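As structure tokens, the structure follows; a few thoughts come after it.
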Number of protein chains: 2
Amino acid sequence: MAEGPTINTIARHAGVSIASVSRVLNGLPTREETVRRVLRAAEELGYVPNSVARSLKSRRTNQVAFAMADIGNPVYLAMVREIQPVLRAAGYRLLLHSTDADVADELDVLRGLGERYVDGLIMSPLRVTEGHLSALAAARAPVVVIGSMPEGAGVDNVRADSRTGVRLALDHLYGLGRRRIAFVNGPADTVPGAARAAAYREALEALDLPYDEDLVEVGDFYRAEGARAVQALLDRAGDVDALMCANDLIALGALDVLRRAGRRVPEDVAVVGMDDTDLAAVAWPSLTSVSLGSARRGRAAVELLLDRLENGEREPRVVTVEPRLAVRASTVGVREAEEYAEEYGEAGEAAEGGEAAGDARKGAQQAGRTAGEEGIR
Amino acid sequence: MAEGPTINTIARHAGVSIASVSRVLNGLPTREETVRRVLRAAEELGYVPNSVARSLKSRRTNQVAFAMADIGNPVYLAMVREIQPVLRAAGYRLLLHSTDADVADELDVLRGLGERYVDGLIMSPLRVTEGHLSALAAARAPVVVIGSMPEGAGVDNVRADSRTGVRLALDHLYGLGRRRIAFVNGPADTVPGAARAAAYREALEALDLPYDEDLVEVGDFYRAEGARAVQALLDRAGDVDALMCANDLIALGALDVLRRAGRRVPEDVAVVGMDDTDLAAVAWPSLTSVSLGSARRGRAAVELLLDRLENGEREPRVVTVEPRLAVRASTVGVREAEEYAEEYGEAGEAAEGGEAAGDARKGAQQAGRTAGEEGIR
DNA sequence: ATCCCATCCGTAAACGTTTACAGCGGCGTG
DNA sequence: CACGCCGCTGTAAACGTTTACGGATGGGAT
């Protein structure tokens with residue numbers, strides 16, 4: 001690990017000035033002979049340009065950060081999987097910040113932009129505080145926010161559409177003849193919690209179904225909490241015939257409880273999850289789930305950011321990603337779910353972002369996604 | 001996004017030299033009055049030190065890269081989840097490279113170390129070529145490799161122990177009275193494929209069971225391929241009473257096929273997966289799986305790297321992580337699986353790495369892991 | 001032969017830090 | 001009173017690049 005050669009070393013070896021070395025290495029017009037000498041010296045010495053020095057001079061790092069609560073969350077993971085290859089193709093490296101859902105950490109990341117270790121940031125904050133808004137306004141590098149921001153926040157923004165998403169699910173359940181459709185939510189003081197609660201109300205109204213408090217239970221966005229909440233619901237309202245769950249994990253908890261209670265899914269109770277994570281296809285029965293387009297949101301975000309990195313003065317844009325319903329066995333039964341799968345392919349959220357990406361990438365992504373331990377081929 | 005203040009700006013404002021500014025900001029002994037003036041100016045101007053310039057001078061970037069085939073692979077994901085918080089606590093940022101299982105890309109990453117944009121690298125290569133060995137020998141920054149390296153590769157190395165892992169599984173199945181234990185593998189020309197095939201043979205021998213070619217099928221490490229392979233097995237050897245699968249995805253495919261064939265799991269056929277990914281606990285019946293310690297390997301790797309970053313001249317170390325068997329319903333049935341779960345907690349691979357980590361982190365990690373869309377709390 | 005211009009290259013400054021070194025004033029000591 | 005020392009600060013160099021500028025060289029036109 002000896003000190004590597006610099007353009008100075010090369011200049012000495014080639015008997016030219018560092019300016020010539022730099023010119024040659026950057027492909028600026030130079031006399032044939034000089035080019036040869038420099039390239040030869042660089043080759044012999046195994047020269048690799050120092051990206052830090054380059055960054056200092058050029059004021060660009062070719063790095064972009066993605067900040068989210070936790071990379072372990074399948075939703076963010078889907079985003080990263082979209083973001084990474086796009087950045088790579090554009091010549092940027094990806095930096096990851098797991099903020100552990102901590103507001104202070106998020107603000108640190110925003111302030112950290114002043115350190116100029118990245119050219120831009122994609123951030124998916126848990127909740128949007130005043131601090132976020134002012135930190136965003138003062139940010140020293142372009143930021144794209146995934147997750148609805150207030151109007152006029154003056155920042156590129158990618159949004160999901162929980163409202164339409166819930167609506168899709170309830171229409172689907174209604175179409176299957178369900179009328180006692182319960183809603184199992186996460187905490188109401190979270191952005192998605194609030195949005196989904198409102199969406200549920202609206203969707204019921206649109207279907208002319210009554211809003212029944214007994215059919216709403218609030219827990220948290222985890223499997224165990226979901227199970228607990230569903231148990232409470234069943235105890236209170238034994239006649240539910242469908243469960244709308246605010247995310248897939250809650251839905252998995254619901255499946256556990258229903259199984260234990262001897263209720264058949266979907267014959268007795270249909271279950272719909274949300275986010276359409278990888279888990280949905282693995283569950284049994286496989287889980288009908290509302291995709292809020294994690295992958296597409298990731299892709300939209302990275303494209304907004306790259307665009308802004310080229311054109312810093314553009315007006316901020318807001319992109320809203322359309323939800324889709326992934327119909328599986330937990331609502332229509334195993335038999336029919338298979339027909340759906342054949343018809344649409346088991347496209348799912350994971351694959352959908354790949355549409356616009358290169359073929360090679362898509363293939364590799366799917367391979368990687370399913371490959372086992374220690375990496376496989 | 002105006003040009004930010006530098007120490008020069010501060011120096012002018014405070015009426016001191018840039019050297020004094022630097023000293024104050026780095027906490028070096030300075031006269032009280034000067035300290036006040038500098039801090040005041042820095043505060044007023046909203047100064048943030050430029051990390052690029054700092055890196056150029058200090059020759060440290062405080063960045064570490066992790067290179068693996070695909071972040072979407074749950075095994076690597078588990079590693080990232082361990083690595084990230086440890087790095088963060090040590091003051092390093094994490095950079096992610098998805099190499100798409102491409103050898104050339106991996107070599108590029110190794111060569112890229114010469115650009116000095118990171119202080120160190122954790123790499124989990126798909127297969128180890130001559131090119132890897134020479135690139136590693138020439139690497140311009142410390143590297144830790146996850147995945148078995150040849151003896152004397154002269155690099156810090158973290159290994160799984162497929163042999164013991166398969167052995168654990170087969171002992172378990174044998175103990176349950178199974179004697180026709182088939183093996184569904186991925187491609188034999190991959191490192192894990194080869195290792196696991198050998199391990200299966202050995203384990204059979206140790207149990208005094210005959211090696212029966214009809215009981216071995218090679219497919220690939222994906223769900224659909226696993227399903228196909230298992231179908232072939234069933235067609236050929238209808239009397240199998242257990243399936244050892246070379247990863248969890250193959251095992252999920254096996255569950256699909258068995259269900260369709262009307263074979264009960266585990267009553268008729270017991271199934272064991274490998275890697276103990278998050279999917280194992282979601283499957284139905286929940287999947288007994290051999291944990292090769294993805295999280296623990298990630299943790300070991302990052303600790304080796306941090307250690308080496310402090311002490312570059314240490315002898316290379318090899319760490320081998322012990323496998324564990326996560327017993328679930330696919331071998332012992334639903335009832336008994338629940339008892340196991342209560343006894344050990346649903347610890348699983350995901351949580352295991354957290355042992356040594358701070359409480360706050362662990363809590364946040366679990367929360368994040370299960371939180372839903374748009375980040376929650 | 002003179003002048004001009006084009007071509008190529010080297011010198012030096014700049015990016016924003018850290019830090020070795022030297023200078024300066026004040027104080028205690030001989 | 002001279003000296004030395006100490007505490008503090010400023011100047012300048014260095015990290016490894018890129019690039020503005022100007023100098024040198026040579027060729028062609030006048």
Side-chain angles (χ1 to χ4, degrees), chain A residues 1-39 41-42 45-63 112-119 140-141, chain B residues 1-39 41-42 45-63 112-119 140-141:
Chain A
M1 254 162 267
E3 294 310 317
T6 72
I7 54 173
N8 279 286
T9 332
I10 298 189
R12 245 175 295 127
H13 265 250
V16 300
S17 74
I18 62 167
S20 288
V21 175
S22 178
R23 275 189 289 259
V24 170
L25 295 176
N26 288 301
L28 298 179
T30 316
R31 190 165 52 117
E32 176 65 20
E33 160 72 3
T34 312
V35 171
R36 264 208 318 276
R37 297 236 300 271
V38 168
L39 290 183
L45 296 168
Y47 171 77
V48 183
N50 181 310
S51 62
V52 176
R54 209 197 280 266
S55 292
L56 179 58
K57 185 73 207 180
S58 68
R59 295 149 160 279
R60 318 195 80 239
T61 59
N62 295 312
Q63 298 190 151
L113 292 178
E115 293 178 31
R116 314 221 140 253
Y117 62 91
V118 288
D119 297 335
R140 291 260 170 77
Chain B
M1 254 163 266
E3 294 309 316
T6 71
I7 54 173
N8 279 287
T9 332
I10 297 189
R12 244 176 295 127
H13 265 250
V16 300
S17 73
I18 61 167
S20 288
V21 175
S22 177
R23 275 189 288 261
V24 170
L25 296 176
N26 289 300
L28 298 178
T30 315
R31 190 165 51 119
E32 176 64 20
E33 160 73 4
T34 311
V35 171
R36 265 209 315 278
R37 297 238 299 272
V38 168
L39 291 183
L45 296 168
Y47 171 77
V48 183
N50 180 310
S51 63
V52 175
R54 208 197 280 265
S55 290
L56 179 59
K57 185 78 209 179
S58 68
R59 297 151 159 279
R60 317 195 81 240
T61 59
N62 296 313
Q63 297 189 152
L113 292 178
E115 293 178 32
R116 314 220 138 252
Y117 61 91
V118 288
D119 297 335
R140 290 261 171 76

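Here the structure is a predicted model, which means the values were calculated and not measured.
Rounded to whole angstrom, the span from the NZ atom of A/Lys57 across to the P atom of C/dT17 amounts to 15 Å. Atoms CG (B/Asn8) and C1' (C/dT18) sit 13 Å apart, rounded to a whole Å. The distance between atom CG of B/Asn50 and atom P of C/dA14, rounded to the nearest whole Å, is 17 Å. Computed from coordinates, the B/Arg12 CZ to D/dG10 P distance equals 15 Å when rounded to whole Å. If you take CZ of A/Arg54 and P of C/dA14, they are 22 Å apart, rounded to a whole angstrom. Atom CD1 of B/Ile7 and atom C1' of D/dA12 are 13 Å apart (whole Å). Between A/Leu56 atom CG and C/dA13 atom C1' there is a gap of 13 Å when expressed in whole angstrom units. The nearest whole Å value for the distance from the CG atom in A/Leu28 to the C1' atom in D/dT18 is 9 Å.
A pairwise comparison of heavy atoms in B/Tyr117 and B/Gln63 identifies O-NE2, 2.8 Å as the closest pair. Between B/Arg116 and A/Val52, the shortest heavy-atom distance links the atoms O-CG2, 3.4 Å. What you find for B/Ala14 and B/Ala41 is that their closest heavy atoms are CB-CB, 4.1 Å. The heavy-atom pair separating B/Tyr47 from B/Leu25 by the smallest distance is CE2-CD1, 3.5 Å. The minimum heavy-atom distance linking B/Ser55 with B/Arg60 is given by the pair OG-O, 3.0 Å. Of all heavy-atom pairs between A/Thr34 and A/Val16, the closest is CG2-CG1, 4.0 Å.
When the side-chain nitrogen and oxygen atoms of B/Tyr47 are compared with OP1 and OP2 of C/dT17, one or more of them lie within a distance under 4.0 Å. Checking the phosphate oxygens (OP1, OP2) of C/dG16, a side-chain nitrogen or oxygen of A/Arg59 falls inside 4.0 Å. Within the 4.0 Å cut-off from OP1 or OP2 of C/dC15, not a single side-chain nitrogen or oxygen of A/Arg116 is found.
The closest side-chain heavy-atom distance from A/Asn50 to A/Thr6 is not below 4.5 Å.
The stretch residues 11-20 of chain B participates, sequence neighbours left out, in no side chain to side chain donor-acceptor pair (under 3.5 Å) pair at all.
Closest to the A/Asn26 side chain, of the nucleotides D/dC15, C/dT17, D/dT18, is D/dT18.
Looking only at distances, no side-chain donor or acceptor of B/Thr30 sits under 3.5 Å from a matching main-chain atom of B/Val35.
Taking the nucleotide of DNA chain C with the nearest heavy atom to each of A/Ala53 and B/Leu25, the more 5' of the two is matched to A/Ala53.
Backbone-only contact: A/Thr6 has heavy atoms under 4.0 Å from sugar-phosphate atoms and none from a base.
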Nucleotide by nucleotide, nucleotides 5-10 of chain C touches protein heavy atoms under 4.0 Å in the pattern (B base, S sugar-phosphate only, - none) ---SBB
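Rounded to 10°, the helix from C/dA1-D/dT30 to C/dG30-D/dC1 has 70° between the axis fitted to its first five pairs and the one fitted to its last five.
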